[in-house]
Amino acid sequence: ALHLYGHLLEATGRSVQAADSLERAVRLDPASAHHLACYAQQLIHLDRLDDAETALRKAQEADPSYPLAHHIRGLFYERRGDLDAAVKEWREADTLSKGEPYFNAALAYGLGRTGQAEEARRMLVKMKTQAQSDFVPALSMAQVYLGLDETQEMFDALDRAYQGREAWLPWIRLEPGFYRFDGDRR
């Protein structure tokens with residue numbers, strides 16, 4: 001319950017309280033890679049990177065093959081300015097998740113940001129093809145466009161996410177790159 005409450009607090013803009021709630025969840029279940037990874041993500045958002053690194057190390061010790069922990073480690077490296085290390089973690093998360101759109105999008109975002117636009121565009125085409133038969137969040141598409149520096153397409157995809165009432169939209173500022181648009185009213 002504390003874990004979910006932490007996510008609710010973040011969605012309502014109460015980041016410090018969210019971190020406190022997630023920290024309590026970790027104390028109750030210190031071996032949960034999921035709780036540790038989510039707590040680390042909140043710490044990254046608050047720029048408490050040393051604490052986030054500790055939580056990520058513990059998450060990896062708890063479950064080295066947990067895709068979300070690798071994804072959030074990628075966020076950590078991105079925030080530290082090491083995009084190559086971020087891409088490595090996002091690639092691992094994508095592999096471990098067997099290509100779930102959420103992890104696929106983060107990898108494509110990172111590839112776009114590191115000058116590997118051709119591979120990112122191939123991934124975008126694959127996601128669009130997958131979207132014809134399966135649900136692929138418009139938010140995931142927006143993340144790829146963000147990595148490719150295609151701002152208008154990113155905002156168009158975000159509009160589709162909003163119209164589709166995508167569940168993860170309230171947490172967008174925790175995802176790779178979107179924090180750069182915190183002050184943008186679009």
Under 4.5 Å side-chain heavy-atom separation, chaining through any Ile, Leu, Val, Met, Phe, Trp or Tyr, what else clusters with Leu2? Say none if it is isolated.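 Leu28, listed by chain and number.
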Tyr39: hydrophobic cluster co-members (side-chain, 4.5 Å):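 Leu22, Val26, Leu36, Leu43, which link up through side-chain heavy atoms under 4.5 Å apart, make up the rest of the cluster.
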Could you tell me whether [X] and [Y] have a side-chain N and a carboxylate O separated by less than 4.0 Å?
X     : Y     : value
Lys58 : Glu53 : no
Asp50 : Arg80 : yes
Arg79 : Asp47 : yes

Would a 4.5 Å heavy-atom cut-off, applied to side chains only, mark [X] and [Y] as touching?
X      : Y      : answer
Tyr109 : Glu78  : yes
Met127 : Ser140 : yes
Ile172 : Leu158 : yes
Arg73  : Trp90  : no
His71  : Tyr102 : yes
Arg122 : Glu119 : yes

Pairwise distance [atom1]([X]) to [atom2]([Y]) - rounded to 0.5 angstrom:
X      : Y      : atom1 : atom2 : answer
Arg14  : Asp20  : CZ    : CG    : 11.0 Å
Asp156 : Met141 : CG    : CE    : 13.0 Å
Leu56  : Glu61  : CG    : CD    : 11.0 Å
His35  : Asp29  : NE2   : CG    : 5.0 Å
Gln42  : Gln17  : CD    : CD    : 10.0 Å
Gln143 : Leu124 : CD    : CG    : 12.0 Å

Of the non-hydrogen atoms in [X] and [Y], which two are nearest, and what is the gap between them?
X     : Y      : answer
His3  : Cys38  : NE2-SG, 3.3 Å
Ser21 : Gly6   : OG-N, 3.5 Å
Ala11 : Pro170 : CB-CB, 3.8 Å
Ala31 : Ala62  : O-CB, 3.4 Å
Leu96 : Pro64  : CD1-O, 4.4 Å

Answer yes or no: are there more than 12 heavy-atom neighbours, outside Gln152 itself, under 6.0 Å from its atom CD?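 Count over threshold, so yes.
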With sequence neighbours excluded, give me every ring-ring contact (aromatic ring centres under 6.0 Å, His included) pair touching residues 141-169.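 Found Phe155-Phe181, Trp168-Trp171.
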Side chain to side chain contact (heavy atoms under 4.5 Å, CB included) partner of Gln130, the single match among Asn104, Val136, Val125: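 Of Asn104, Val136, Val125, side chain to side chain contact (heavy atoms under 4.5 Å, CB included) with Gln130 is met by Val136 alone.
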By the definition side chain to side chain contact (heavy atoms under 4.5 Å, CB included), identify the one residue from Leu148, Val144, Leu146 that meets it with Met154.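 Answer after filtering Leu148, Val144, Leu146: Leu146.
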Thr114 side-chain N/O to Leu111 backbone N/O, donor-acceptor pair under 3.5 Å: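 Answer holds: yes.
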Between Ser97 and Asp94 (side chain of the first, backbone of the second, donor and acceptor by atom type, cut-off under 3.5 Å), is there such a pair?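 Pair found, side chain donor or acceptor close to backbone of Asp94.
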